[in-house]
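Both backbone and side-chain heavy atoms feed into the values below; hydrogens, waters and symmetry mates do not. Numbers here simply count residues along the sequence, with the first being 1. Just follow the structure's listing: the first ligand is 1, and inside any ligand the first atom is 1.
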Amino acid sequence: MSPGSLALRALVLGSGAGGGVPQWNCGCRVCRLAWSGDKRVNPRTQAGLALSVDGANWVLLNASIDLRQQILATPALHPKGPGRGSPIAAIVLTNAEVDSAAGLLALRERQPFVIFATEATLEAIGQNRMFDVVDRAVVPRRAVPLGQPFEPLPGVKLELFAIPGKVPLWLEEGEVLTGEIGEGTVCVAAEAAGKRLVYAPACAHVTEDLDARIAGADVLFFDGTLFTDDEMIANGLGDKTGRRMGHMPVSGPQGALEALQRHANVRRILLHINNSNPILIQGSPEEAKVKAAGFEIAFDGMEVVV
Ligand code: MLT
Ligand code: MN
Ligand code: ZN
């Protein structure tokens, strides 16, 4: 992008779900292909997006546990010198999951930036003292009320709004509600250079509010965790359905393809894709189905100029 031309630019830092692709302890069909270097499966780090309007200053949506590796792979995020510095001006967290927030620990070298999240997410992180290594005196944490626009970068207006979800995996206890609407799981609506983008890496179901936001967006990044709700169980990889994990499936009744069918004029991109999901195999019938429905499949390093 030439300097001076303003456009909303999104870089996919990571497109995988928790564990990435391949996952360190997984020999499922997709992971086996990835381990063997088969060209049909691209390796993926855990989900995150970087946004900019000037190409020089960036706000990150989530800080996955793979963040250091993602910065290394993304020249736009390298320090420009001399001395210390970073193009990363702010980080927005959509929840307090490990794959959304643990990457903050990789940014503990006294570099000023601002963390934005809901009070509930900041509270969860605040309870975990390991995050205090990211010194609040250098890296302020700003609580953002739902529905109140804020500008983490000049010209980039963001708003957090609630979407159905659950408490982070590491805070689960007793009976877990999976469709809670509150500050625990939020979606980011971004507006810059006259364009709109919605980032929803975890979503239990599409509410009327979310549906209306998507209708007004140019680009949507959406939860693509599992292709079928019982995929983990059916493949002997775990005992939870996608819905139990707070993720609606891609296919099937009330899956993402069906729920987002009417938004054909929005660029719809699936991300936070779990390594069990067969859409990750290029040439698979599941990939074909997603593409035929008009959806794209995010990959690490994908650049979207809105
Ligand atoms: C999720 O998206 O369900 C969580 O990130 C689970 C996890 O921590 O791996
Ligand atoms: Mn996740
Ligand atoms: Zn796997």
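- Smallest separation of non-hydrogen atoms from Val250 and Gly224: CG2-CA, 3.8 Å.
- Among the atoms of Asp99, an N, O or S atom falls under 2.8 Å from the Mn ion (ligand 2).
- Arg84 has no carboxylate O lying under 4.0 Å from a charged side-chain N of Glu109, or vice versa, which leaves the two without a salt bridge.
- A donor-acceptor pair shorter than 3.5 Å cannot be found between the side chains of Asn95 and Thr185.
- Of the protein's heavy atoms, Gly18 CA, 3.9 Å lies nearest to atom 9 (O) of ligand 1.
- A donor and an acceptor atom, one from each side chain of Gln70 and Thr45, are located under 3.5 Å apart.
- No side-chain N or O of Arg9 forms a donor-acceptor pair with one of Ser52 less than 3.5 Å apart.
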request  = Let me see the working for Glu151 and Lys157 under salt bridge (Lys or Arg N to Asp or Glu O under 4.0 Å), right down to the final yes or no.
outcome  = CA-CA 5 Å; Glu151 232 176 274; Lys157 200 167 85 184; over 6 Å; no

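- Salt bridge Asp135/Arg141: absent, no basic N to carboxylate O contact under 4.0 Å.
- The nearest heavy-atom contact from the protein to atom 7 (C) of ligand 1 is Leu169 CD2, 3.8 Å.
- At a threshold of 4.0 Å, the pair Lys166-Glu172 counts as salt-bridged, since one of the basic side-chain nitrogens sits closer than that to a carboxylate oxygen.
- Distances below 4.0 Å separate heavy atoms of His272 from the following atoms of ligand 1: 2 (O).
- Put simply, His247 stays out of reach of the Mn ion (ligand 2), with no N, O or S atom under 2.8 Å from it.
- Cation-pi geometry between Arg268 and Phe222 is not satisfied (NZ or CZ under 6.0 Å from the ring centre, within 45° of the ring normal).
- For a threshold of 3.5 Å applied to N or O pairs, the pair formed by Asp99 and ligand 1 contains at least one separation below that value.
- The protein heavy atom nearest to atom 2 (O) of ligand 1 is His247 NE2, 2.8 Å.
- By the 4.0 Å heavy-atom criterion, Gln46 is excluded from the residues contacting ligand 1.
- Nearest heavy atom pair, residue Thr225 against residue Asn277, reads O-ND2, 3.3 Å.
- At a cut-off of 2.8 Å, measuring from the Zn ion (ligand 3), the protein N, O or S atoms that fall short of it are Cys26 SG, Cys28 SG, Cys31 SG, Asn275 OD1, waters left aside.
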